[in-house]
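Report on the structure given below.
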Amino acid sequence: MKRRNFIKNASLTGVGLTVGSAIIGCKEIPSEEKTPIIENKESELTATLPIVIATWNVENSTAKAWEVLQEGKSSLEAIEQGCMIEEANAEGQSVGLGGLPDRDGNVTLDACIMNKEGDYGAVVCMQNIIHPIAVARKVMEDTPHVILAGKGAEQFAVSLGFKRENLLTEASKKAWEEWKKTSEYKPIINIENHDTIGMLAIDKNGDIAGGCTTSGLAYKMAGRVGDSPIIGSGLFIDNEIGGATATGLGEEVLKTVGSFLIVELMRQGKSPQEACEEAIKRIIKKSPNFENFQVGYIAVNKKGETGAYSIHEGFYTTTYQNNENISNAPDFYNKK
Ligand code: ASP
């Protein structure tokens, strides 16, 4: 079943949603505007540069990143600007503005960015700032540190001129209030309860950068941080080899250091597709209860070959390559 159909059916029947039906992050695209969706063709896309690949249906974000690359700018610049599009999208309920809050009603954001030099910057559990990816870049470039958390991250952002804003939209507030009425607290992720934007880009010079931005697991415990801002888990870049990024239940990605694993597998000679599949199998081996959660990975190697794989059906990627912005439904592990 296509992800959009799954969501539509699930919201009608309640099937499969353990923490409410409003946990949908990506903006619905009117059908006439939708880019073509290709089934399981990730590794068959012709490897040309430049390239942008992202988790989920974020055609507007990949289009922005592509535009930046076409201007001759760096992959790092493309990543920052591409991710900012989805962060500013109030309808997306899992990234930036409009992100679903923690169980106490606070929207807390995690993001990280890596450049071709292997430098890294991140913010974790930051509130009130709409663009965590941009703050993460500033942490990387303007501080001697790699991660700033909570109030410190927010203060740093404000000191740079970022505006404090209320990120809890009416729709997300309503979803949280509904969740409070009907749900027991379960710190697990439903297979559709995620939509982190992980993005990888290679510019015309062949240099790779990546970013990852999220409001994390909806209704998480206060202070919970997932994989997305953690180097090697939610994202890893090695400019000699390639990059990888993750979406899904962060706890599982963290325990297997998924993105680093994928890059290391590519270093050993695996294709991006083989590496993503191996990293998913590593999770399955450790967590036999995989029916209850989803993880999806994407990867790109230095040549611009891509891979994507998830535990369950319903994961999507968007690739901008060869002047085409394409949504892809990658292959997955749990075939019934
Ligand atoms: N990976 C994110 C986290 O665990 C969730 C997601 O992909 O939406 O915080």
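Indexing begins at 1, ligand by ligand and atom by atom, following the structure's order. This one's a predicted model, so the numbers in the text were calculated from it and none came from an experiment. Note: hydrogens, waters and symmetry copies are ignored here, and every other heavy atom, side chains too, is used.
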(message) So which atom in T318 and which in W56 form the shortest heavy-atom distance, rounded to 0.1 Å?
(response) OG1-O, 2.6 Å
(message) Applying a heavy-atom cut-off of 4.0 Å, say which part of T247 lies close to ligand 1: side chain, backbone, both or neither.
(response) both
(message) If we set the cut-off at 4.0 Å for heavy atoms, which region of K220 has an atom near ligand 1: side chain, backbone, both, or neither?
(response) neither
Let me have the donor-acceptor pairs involving side chains of residues 115-124, under 3.5 Å, with sequence neighbours excluded, atom names and distances please.
unit_1	atom_1	unit_2	atom_2	d
N115	OD1	E117	N	3.0
N115	OD1	G118	N	3.1
N115	OD1	D119	N	2.8
N115	ND2	E117	OE1	3.2
N115	ND2	D119	OD2	3.2
Y120	OH	P229	O	2.4
Y120	OH	I231	N	3.2

(message) When you measure from the heavy atoms of R224 to every atom of ligand 1, does any distance fall below 4.0 Å?
(response) yes
Residues [X] and [Y] bridged, charged N to O under 4.0 Å:
X: K220; Y: E251; answer: no
X: K138; Y: E80; answer: no
X: R267; Y: E264; answer: yes

(message) Using a 4.5 Å cut-off between side-chain heavy atoms of Ile, Leu, Val, Met, Phe, Trp and Tyr, which other residues end up in the same hydrophobic cluster as V52?
(response) W66, L69, L76, I79, M84, I113, I133, M140, M199, Y320
(message) Regarding atom 7 (O) of ligand 1: of the candidates T213, L100, T196, which has the closest heavy atom?
(response) T196
(message) Considering G248, P229, G226 one by one, which has a heavy atom nearer to atom 2 (C) of ligand 1 than any of the others?
(response)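 Residue with the shortest heavy-atom distance to the ligand atom: G248.
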(request) Could you check whether the rings of Y333 and F290 sit parallel, tilted or perpendicular, using 30° and 60° as the cut-offs? (result)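 Rings of Y333 and F290: perpendicular, as their planes differ by over 60°.
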(message) Would L249 count as being in polar contact with ligand 1, using the rule that some N or O on each side must be under 3.5 angstrom apart?
(response) no
Just which atoms of ligand 1 are under 4.0 Å from any heavy atom in [X]?
X: D227; value: 1 (N), 2 (C), 3 (C), 4 (O)
X: S228; value: 1 (N), 2 (C)
X: G216; value: 9 (O)
X: L217; value: 9 (O)

